[in-house]
Amino acid sequence: MDKTKSLDEAVLLVQDGDTLALGGMTIYRRPVAFVHALITRDNPPQDLTLLAFTGGFASDLLVGAGLIRRSRTCYFGLETFGLAPMFTQAVREGRLEIIEESEASIACGLRATMAGVGFMPSRAWQGTDMLRVRPDVMTICDPYSDERLTAFPAIDCDVAVIHVLRADRSGNAVLGGNPTIDLELSMVAKRLILTAETVEDELPGPIDLPGLAVTAVVHAPRGAWPTSCYPAYPIDGEAILDYISACNAGQFSNYLLTSWIQ
Amino acid sequence: MDYSIDELISVCISRQIEDHEVVAQGIATPLVAAGYLLAKMTHAPDVTFLSAIGQALCRDWAPLGVATIEELWIGRGLLTVSFVQAACDLLPRFGPKEFFRPGQVDPCGNFNNVYIGGSYETPRLRLPGSGGIPDVTVFEENVLLYVPRHGRHTFVEQLDFKSGLGHDTQRRAGRGPRYLVSDLGQFDFEPQSGRMRLISLHPGVTLRRVQAKTGFELLVSDKLLETVPPTERELKLLREAIDPLGVRTLETLSGAARRERLRALLQKERLQLSEGEFHADRHLF
């Protein structure tokens, strides 16, 4: 089945109040072209919950543009390049609700959803302050050993957007590097959008993501810029530093309008 | 031979690694990557890396990069997994040795990477977050810490948030950090009290200076040593094989100075890439 769509068509699949998941990791293989098109579409969606293993460049754009009400990530920053400026500012000003996560809480939450159960047990978090800021996360008693365990709740996702190196028209895809949580996201998302460096008629396999659950495939060459898409291109570090400088000078909106050269 | 503080920290990290261990590296920690690779090239040839970038068990590696940081591990994995598998299965199963960099650390080695100052809802400074720290520190035996810029803002009596579990009464499994290295010295945790104890001063650093820059009372070992400086061979390996670009220097800088250094490194990296000398078997990058 041919699932190819234009970027403008695909961004309409995100609706107000959705949990929007972004594939890739921090500054690697992020769906930046999609996020930029989402922000600049007529009537961009509001009140979104951002779900990402790590928040990075693309997530910071969404927060800066005011589309995100709450964020669930285990890390939100720009790695070696420093703090994510719009995220840091929004949290300081109390404009962004945080659902505190760790690697295990996201990983277990996705596994619970995939398994069709309400939670997955783990040893993580016991004794730390994480449970204090996540009163919804319950501690349970292992019925076999009596050990106290954390019951991480299942995580739902309305729409996931994953940038890939290669895709075919029916949505089978090769990631290129950094599997992160993309296969799991592709299995829990109700709608799944791929943006791809290249779109072919039919990938021979082996593949990293099956096309079965894919809603739309978008041809987006350099669609991860300025994050990397291994092995096609590395991180554009200068562009990320320029972004940080613009944000620090209070020029976020201006940056989107004038500095966006892909 | 002259050396810089980043080199001394990487050498100290290297000396904490034993052969045949599995070692894990988080994100934005070039001093740790440099230390692990130095260990592999000297006394621990049989270490296996579990890398956050690329999510793989690796034995092969490439020199450190900034724009090309993924080259270090991707495409070199013995076994590549998703981060879900890494967090749920590999980390609990292998319990790798890992160095973490705390935003705040208390006398018992509990630490914080979530926020500093103000309240949780409206913090003075929101940090990136805890990653896998509250997951693995509650059961692992091999947690180690490093602080590239020792100061009272990092070494605090009372944490704003406990995301990493130290030598704490709440603990049910594993153990608190075994070791901490900063730009001033090396520390362990006294077995009875679980409190941080200075065991070695870096050359030229005084006990008074370390205490003045620490926000709580430090224990001091009866056998206080001076850190053995890097050897000529260690420096040569760091500078010529592991990190010719100088990425390891970033962690000792902050703010505008760090961004300036980043621009210089990116420029140098691009030049090396265009001249094709950066890495012999580099393919598409």
Side-chain angles (χ1 to χ4, degrees), chain A residues 25-26 28 53-55 73-77 79-84 87-88 91-94 98 100-108 110-111 120 122-130 132-133 147-148 177-184 228 230-238 241 244-245, chain B residues 27-28 30 53-55 65-70 74-75 80-88 91-92 114-115 118 120-139 161-165 168 170-173 247 250 258-259 262-263 266 269 273 283-285:
Chain A
M25 191 173 129
T26 343
Y28 318 105
F53 192 69
T54 62
T73 69
C74 77
Y75 170 98
F76 202 134
E79 300 203 0
T80 287
F81 296 90
L83 299 172
F87 166 78
T88 310
V91 181
R92 187 174 57 234
E93 293 169 2
I98 296 202
E100 202 67 42
E101 301 281 5
S102 72
E103 292 176 0
S105 65
I106 293 177
C108 290
L110 293 174
R111 278 196 169 175
M120 278 285 166
S122 166
R123 284 187 288 176
W125 289 20
Q126 291 294 317
T128 73
D129 285 343
M130 298 292 280
R132 192 166 55 75
V133 296
E147 190 185 359
R148 281 160 69 85
N178 277 315
T180 65
I181 60 168
D182 289 357
L183 178 61
E184 289 84 356
S228 69
Y230 186 93
Y233 44 92
I235 299 161
D236 186 343
E238 277 97 349
L241 289 171
I244 294 168
S245 303
Chain B
I27 50 183
I53 293 174
Q55 303 95 52
V66 182
T68 60
I69 181 174
E70 289 161 288
I74 295 185
T80 297
V81 297
S82 79
F83 229 127
V84 171
Q85 290 172 288
C88 289
L91 289 169
V114 171
Y115 79 95
Y120 175 72
E121 289 75 20
T122 51
R124 185 165 56 74
L125 179 64
R126 170 73 204 195
L127 301 172
S130 61
I133 290 169
D135 311 334
V136 298
T137 55
V138 304
F139 63 79
F161 189 97
K162 182 167 63 183
S163 53
L165 193 63
D168 190 283
Q170 297 282 307
R171 175 176 291 283
R172 296 197 191 88
V247 185
L250 287 171
R258 185 188 173 110
R259 288 195 291 276
L262 268 165
R263 283 201 192 267
L266 286 163
E269 187 178 29
L273 284 176
H283 40 113
L284 285 155
F285 264 28

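In what follows, chains carry the letters A, B, and so on, assigned in the order in which the sequence lines appear, proteins first and then strands, with residues in each chain numbered from 1. All values derive from a computational prediction rather than experimental measurement.
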Below 4.5 Å, heavy-atom pairs only: which of [options] has the largest tally toward chain A?
{"options": "B:C88, B:A87, B:P128", "answer": "B:P128"}
{"options": "B:S163, B:P134, B:S130", "answer": "B:P134"}
{"options": "B:Q170, B:E121, B:R171, B:K162", "answer": "B:K162"}

Under 4.5 Å from any heavy atom of chain B, what part of [X] do you find: side chain, backbone, both or neither?
{"X": "A:M25", "value": "side chain"}
{"X": "A:T80", "value": "both"}
{"X": "A:E238", "value": "both"}
{"X": "A:L241", "value": "both"}
{"X": "A:I244", "value": "side chain"}
{"X": "A:F76", "value": "both"}
{"X": "A:R92", "value": "both"}

(Q) Between A:T54, A:D182, A:V133, who has the most heavy-atom pairs with chain B when the cutoff is under 4.5 Å? (A)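 When all of A:T54, A:D182, A:V133 are compared, A:V133 has the most.
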**Q.** Contact class of B:V81 relative to chain A, heavy atoms under 4.5 angstrom
**A.**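 For B:V81, the contact with chain A is made by the backbone alone.
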